[in-house]
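Every chain is numbered from 1, with letters handed out A, B, ... down the list of sequences.
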2 protein chains.
Amino acid sequence: MTDKKEHIVNSAVELFAEKGFEGTSIRELAAKAEVNVAMVNYYFGSKEKLFEAMVAQKAAYSRGMIDEIVKDKTLSDIEKIDRIIDGFVNRLFTNRKFHRIIHQELMLSQRENLQQAIVDILYPNSLAVKTLIDSAIKKGSFKKVDSALVIATVIGTINHVLLSKKMCNKLFGKEDSHVPYEDPKFIKRVGDHLKEIMHAYLLKN
Amino acid sequence: MTDKKEHIVNSAVELFAEKGFEGTSIRELAAKAEVNVAMVNYYFGSKEKLFEAMVAQKAAYSRGMIDEIVKDKTLSDIEKIDRIIDGFVNRLFTNRKFHRIIHQELMLSQRENLQQAIVDILYPNSLAVKTLIDSAIKKGSFKKVDSALVIATVIGTINHVLLSKKMCNKLFGKEDSHVPYEDPKFIKRVGDHLKEIMHAYLLKN
DNA sequence: AAAAATTAATTAAACGTTTGTTTAATTCAA
DNA sequence: TTGAATTAAACAAACGTTTAATTAATTTTT
């Protein structure tokens, strides 16, 4: 991909995350990327196709990690859960702007096709975790829990923290200028919380 | 409030929840509310002021419930948590469209003032729950947990389920036409899951 | 109680901007 | 010299909003 195309995509991630798809104009986008307005349509065809191209490019961050953990035979089931939690936390925190866009797109009913595409990207992850938990329950190493909702709890907790900087800072007693998402201590704290919850919930006594 | 004003506000909730603020046009809104386009500005002054008026009106659903539970002396700490969870689940499920709008607004940086107003509405709830948990920890009835993140887990889990009907149905093995949010069994299931998690996490053995 | 005067509600049309997109000309690179 | 890249300008459509005229409702006066 050429420099300009990349510039446009990266500016799109920034602006769509902050202002949403409808709230971002091509002119604003072009200004941020320091290209002529016509370049967006020249390279991508339309605003919507730019959006789709951005998703297709950045969504690569999603695959692989969980499958590798699940099939690692040196790990116990709960160790796998721990690693999956760390994986999710790191991934969502580092890709939080793109993740926000995905979040917005799932919430709105504007572009049905793209929504379906996003579900198809995200669902395999959830399914893999669910399958792991269900097999651990069958083996007897986990309690009988609602495996589908466990994923909702893990992702939901991370999402809720990533949702609003303002809310997050208020909840954790930081001043408004603080950026909690780049604070390694805070990232660790979220991971530790989720692991402790899951240990207490999944493991038998 | 007059019939027409109410019609407009209710149509606004529907459309903003589905398409976002920027994605909803006054003309579409007026058509849905079956009023003339000029009526929106006549009654509310502007699109943004309509939005603010809607938030001010519908946000009343938020207050009171938690404080009442917290100060009820006939309940144990864990019973209070159970009731708070049920309260959140019922409230967010029944007001899910408005809740989506709040969610969107917190996520975007378009209307700073309104964002601050929403934080000021939501934060007292979180603080009350945090205070309850911290005092229970001090008393020795709860384990030493990260109280600020407990709220993130409760609200985050509910939010994640409410986020996308498509994703939700896929995760729970229902066909696309199913509306999980109006299924009492599903609502109970989410509440039960959260209560079980919190029992395992908060209570000592 | 009827008529007149006043205010509120409602409308279709127009306003000026901004939107995403395209064109046609020009510059650049191979 | 050909094709790709880049530009400023223009395009039609949609946007939020306002206007000016009309109808409906309310209040005041007779």
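- Both tests do not hold together for Lys58(A) against Phe98(A): distance to the six-membered ring centre under 6.0 Å, angle to the ring axis within 45°.
- Among Glu105(B), Glu52(B), Glu48(B), the one residue that satisfies the salt bridge (Lys or Arg N to Asp or Glu O under 4.0 Å) test with Arg111(B) is Glu105(B).
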Contact state string [nucleotides 7-12 of chain C, B base, S sugar-phosphate only, - no protein heavy atom under 4.0 Å]: -SBBBB
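- Both Phe21(B) and Arg27(A) lie close to DNA chain D; mapped to their nearest nucleotides by heavy-atom distance, the more 5′-ward contact belongs to Arg27(A).
- Both the sub-6.0 Å distance and the 45° axial angle are satisfied by Lys47(B) relative to the ring of Phe21(B).
- Per the geometry, CD1 belonging to Ile26(B) stands 17 Å off C1' belonging to dA13(C), to the nearest Å.
- The two residues Ile121(A) and Pro124(A) come nearest to each other via the heavy atoms O-CD, 3.4 Å.
- Rounded to an integer number of Å, the gap from CG of Leu15(B) to P of dC15(D) is 12 Å.
- Between Lys47(B) atom NZ and dC15(D) atom P there is a gap of 9 Å when expressed in whole angstrom units.
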side-chain hydrogen bond (donor to acceptor under 3.5 Å, both in side chains) assessment of Asn10(B) paired with Glu14(B): CA-CA 6 Å; Asn10(B) 291 334; Glu14(B) 291 274 330; over 6 Å; no
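- Across the protein-nucleic acid pair, Lys19(A) atom NZ and dT19(C) atom C1' stand 15 Å apart, rounded to whole Å.
- Atom CG in Asn41(B) sits roughly 15 Å away from atom C1' in dA13(C) (whole-Å rounding).
- The interatomic distance linking Phe44(A) (CZ) with dT6(D) (P) rounds to 12 Å, in whole Å.
- A centroid separation of 6.0 Å or more is found between the aromatic rings of His7(A) and Tyr43(A).
- The phosphate of dC15(D) (OP1 or OP2) has a side-chain N or O of Ser25(B) nearer than 4.0 angstrom.
- Protein atom CZ of Arg111(B) is 12 Å distant from nucleotide atom P of dG16(D), rounded to whole Å.
- Rounded to an integer number of Å, the gap from Lys49(B) NZ to dT18(D) C1' is 14 Å.
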